[in-house]
Asks: 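For reference, the structure I am asking about is given below.
Ligands are counted one by one from 1 in listed order, and the atoms in each one are counted from 1 as well.
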Amino acid sequence: TLTGKNLHLSFGHNHVLRGIDLHVEKGTTASVIGPSGSGKSTLLRVMNRLIEPDQGDILLDGRSVLKDNPDELRQRIGMVFQQFNLFPHKTVLDNVSLALRKLRKLSKDQARDEALEQLDLVGLKHKADARPANLSGGQQQRVAIARALAMKPEVMFFDEATSALDPELVKGVLALMTDLAKGGMTMVVVTHEMGFSRNVSDTVTFMDAGVVVESGPPEQIFTAPATDRLKGFLSDVL
Ligand code: ATP
Ligand code: MG
């Protein structure tokens, strides 16, 4: 269970997060939707402590993590970005096994075995020796997901994981994310994919201008939006 409580963050005079609450029960998927610039990416970065909040708290399994070493939290939360951020000069296998050796301190053979197992789970074991540039965008994103999963995170964050992909490649990555969600992973998914938000996530949080305007189960958010702001957003994106 991951909870962000009354999170505030400013960049200079720009008050980007204005008291955000986000609660994700273990084994569930929370999607976060909202217009560009509303603070969705910043929220993820604050919740895994890539940026420290100015105010508020972050709790994992009921315990505040703000006094821990931030690296500890980043290892407990896997993150997948719009841009896959793979190392271009390394093989797919090395991309996945590197952190296993450095952070989880596995031996070379153990790291290789675990990395191959993760690649198999995302359907890319046969690409282990390829370089990222020789994969499609969808395959690269699946490698990035395998790399995050290999760290055995308790929670996975996805920030617009399919936004940089050609339309025909989006489906495969969404299918993998759906499998993860159904398999009981705890996930926070920032997405423009309203189908995923509506059909796969357990809760939907609608952000606008740094606040949570509405949150609830998908049926409520998509069929009975209570605010003009959410109604307006949905009519723009659906
Ligand atoms: P999008 O849907 O376009 O990805 P978003 O909801 O993820 O938008 P954020 O990227 O969180 O929005 O940005 C929220 C606000 O914070 C914007 O006004 C943005 O300009 C500002 N911002 C984000 N990152 C930084 C930064 N590193 N330094 C200064 N300002 C930033
Ligand atoms: Mg963003």
Side-chain angles (χ1 to χ4, degrees), residues 2-24 29-58 66 70-71 73-74 77-86 137-138 140-141 144-145 147-148 153 155-167 169-170 173-174 177 181 187-198 200-201 203-216 218 221-222 225 227-238:
L2 176 68
T3 304
K5 249 190 179 161
N6 190 33
L7 293 170
H8 283 264
L9 184 88
S10 296
F11 291 112
H13 294 295
N14 190 4
H15 194 174
V16 173
L17 301 182
R18 299 169 172 252
I20 299 282
D21 291 305
L22 183 74
H23 181 73
V24 194
T29 293
S31 59
V32 179
I33 62 174
S36 183
S38 56
K40 306 179 298 295
S41 297
T42 304
L43 175 64
L44 290 189
R45 290 164 72 205
V46 164
M47 286 192 72
N48 77 354
R49 295 184 69 199
L50 284 168
I51 313 172
E52 295 294 340
D54 296 330
Q55 209 194 111
D57 204 353
I58 301 160
L66 284 182
D71 292 338
L73 185 65
R74 277 176 233 141
I77 300 178
M79 180 116 185
V80 175
F81 301 90
Q82 178 173 337
Q83 300 303 339
F84 329 120
N85 299 340
L86 297 176
Q140 290 182 55
Q141 191 58 297
I145 293 171
R147 178 175 63 178
V155 182
M156 284 284 286
F157 283 0
F158 293 86
D159 191 0
E160 309 280 8
T162 58
S163 295
L165 299 177
D166 291 336
L169 302 177
V170 169
V173 173
L174 285 180
M177 291 168 63
M187 320 212 295
V188 181
V189 180
V190 170
T191 188
H192 289 140
E193 293 288 337
M194 293 302 129
F196 182 93
S197 177
R198 184 170 187 154
V200 182
S201 65
T203 63
V204 185
T205 296
F206 169 62
M207 279 178 69
D208 192 10
V211 299
V212 172
V213 178
E214 288 188 45
S215 86
I221 295 295
F222 287 99
T227 59
D228 287 341
R229 279 208 268 182
L230 177 53
K231 282 177 202 163
F233 175 76
L234 291 175
S235 75
D236 286 345
V237 297
L238 291 178

Asks: What atoms of ligand 1 come closer than 4.0 angstrom to any heavy atom of P35?
Replies: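 Listed by number with element, the hits are 6 (O).
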Asks: Name the closest protein heavy atom to atom 2 (O) of ligand 1, giving the residue it belongs to and the distance to 0.1 Å.
Replies: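 Scanning the protein heavy atoms, the shortest distance from atom 2 (O) of ligand 1 goes to K40 NZ, 2.7 Å.
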Asks: Given 3.5 Å as the limit, does a donor-acceptor pair link the side chain of K40 with the main chain of P35, or not?
Replies: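 Yes, K40 side chain to P35 backbone: donor-acceptor pair under 3.5 Å.
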Asks: Give a yes or no on whether the backbone of L86 and the side-chain of Q140 come within a donor-acceptor separation of less than 3.5 Å.
Replies: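 Side chain of Q140 to backbone of L86, a donor-acceptor pair under 3.5 Å: no, none is there.
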Asks: Can you give me the closest heavy-atom contact between L17 and G39, atom names plus distance?
Replies: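 Looking at all heavy atoms of both residues, the closest pair is CD2-O, 3.5 Å.
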Asks: Is Q82 close enough to the Mg ion (ligand 2) to have an N, O or S atom under 2.8 Å?
Replies: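 So Q82 does not count as coordinating the Mg ion (ligand 2).
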Asks: Determine yes or no for a side-chain-to-main-chain donor-acceptor pair under 3.5 angstrom, with D166 supplying the side chain and G137 the backbone.
Replies: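 Absent.
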Asks: Would G37 count as a polar contact of ligand 1, with the cut-off being nitrogen or oxygen pairs under 3.5 Å?
Replies: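 G37 vs ligand 1: N/O contact under 3.5 Å present.
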Asks: Check if S38 has a non-hydrogen atom at a distance under 4.0 Å from any atom of ligand 1.
Replies: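 Under 4.0 Å: yes for S38.
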Asks: Around atom 10 (O) of ligand 1, find the nearest protein heavy atom and jot down its residue, atom name and distance.
Replies: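 Going atom by atom, the protein heavy atom closest to atom 10 (O) of ligand 1 ends up being S41 CB, 3.8 Å.
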Asks: Tell me which part of L43 gets within contact of ligand 1: side chain, backbone, both or neither, using heavy atoms under 4.0 Å.
Replies: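 It is neither; nothing of L43 touches ligand 1.
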Asks: Please work out whether any backbone atom (N, CA, C, O) or any side-chain heavy atom from C-beta onward of V16 is under 4.0 Å from ligand 1, and answer side chain, backbone, both or neither.
Replies: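 It is the side chain that gets close, since no backbone atom is under 4.0 Å.
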Asks: Would you say atom 19 (C) of ligand 1 makes contact with the protein, given that contact here means a non-hydrogen protein atom less than 4.0 Å away?
Replies: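 No, there is no protein heavy atom closer to it than 4.0 Å.
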Asks: Does R74 use its side chain to pair, donor to acceptor, with the backbone of R49 at less than 3.5 Å?
Replies: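 Yes, because the side chain of R74 sits within donor-acceptor range (under 3.5 Å) of the backbone of R49.
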Asks: Measure the spacing between OG1 of T29 and CZ of F196 and express it to the nearest 0.5 Å.
Replies: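 If I round to the nearest 0.5 Å, the distance is 5.5 Å.
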Asks: Check if G210 has a non-hydrogen atom at a distance under 4.0 Å from any atom of ligand 1.
Replies: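 Contact absent.
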Asks: Looking only at protein heavy atoms, identify the closest one to atom 11 (O) of ligand 1 and say how far it is in Å.
Replies: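 Ranking protein heavy atoms by distance from atom 11 (O) of ligand 1, first comes T42 OG1, 2.6 Å.
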Asks: Is there a donor-acceptor pair under 3.5 Å between the side chain of H13 and the backbone N or O of H15?
Replies: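 Looks like no, no N/O pair under 3.5 Å.
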Asks: Identify the closest protein heavy atom to atom 3 (O) of ligand 1: which residue and atom is it, and at what distance?
Replies: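 Result: S36 OG, 2.6 Å.
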Asks: Using distance alone, determine whether G39 and ligand 1 share an N or O pair under 3.5 Å.
Replies: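 So ligand 1 has an N or O lying under 3.5 Å from an N or O of G39.
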Asks: Identify, with sequence neighbours excluded, every residue that meets ring-ring contact (aromatic ring centres under 6.0 Å, His included) alongside H192.
Replies: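 Testing H192 for ring-ring contact (aromatic ring centres under 6.0 Å, His included), a comparison that skips the adjacent residues, returns none.
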Asks: Which residue owns the protein heavy atom closest to atom 29 (C) of ligand 1, what's the atom, and how far is it?
Replies: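 That would be F11 CG, 3.4 Å.
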Asks: Between Q141 (side chain only) and F81 (backbone N and O only), is there a donor and an acceptor less than 3.5 Å apart?
Replies: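 Yes; at least one donor-acceptor contact below 3.5 Å.
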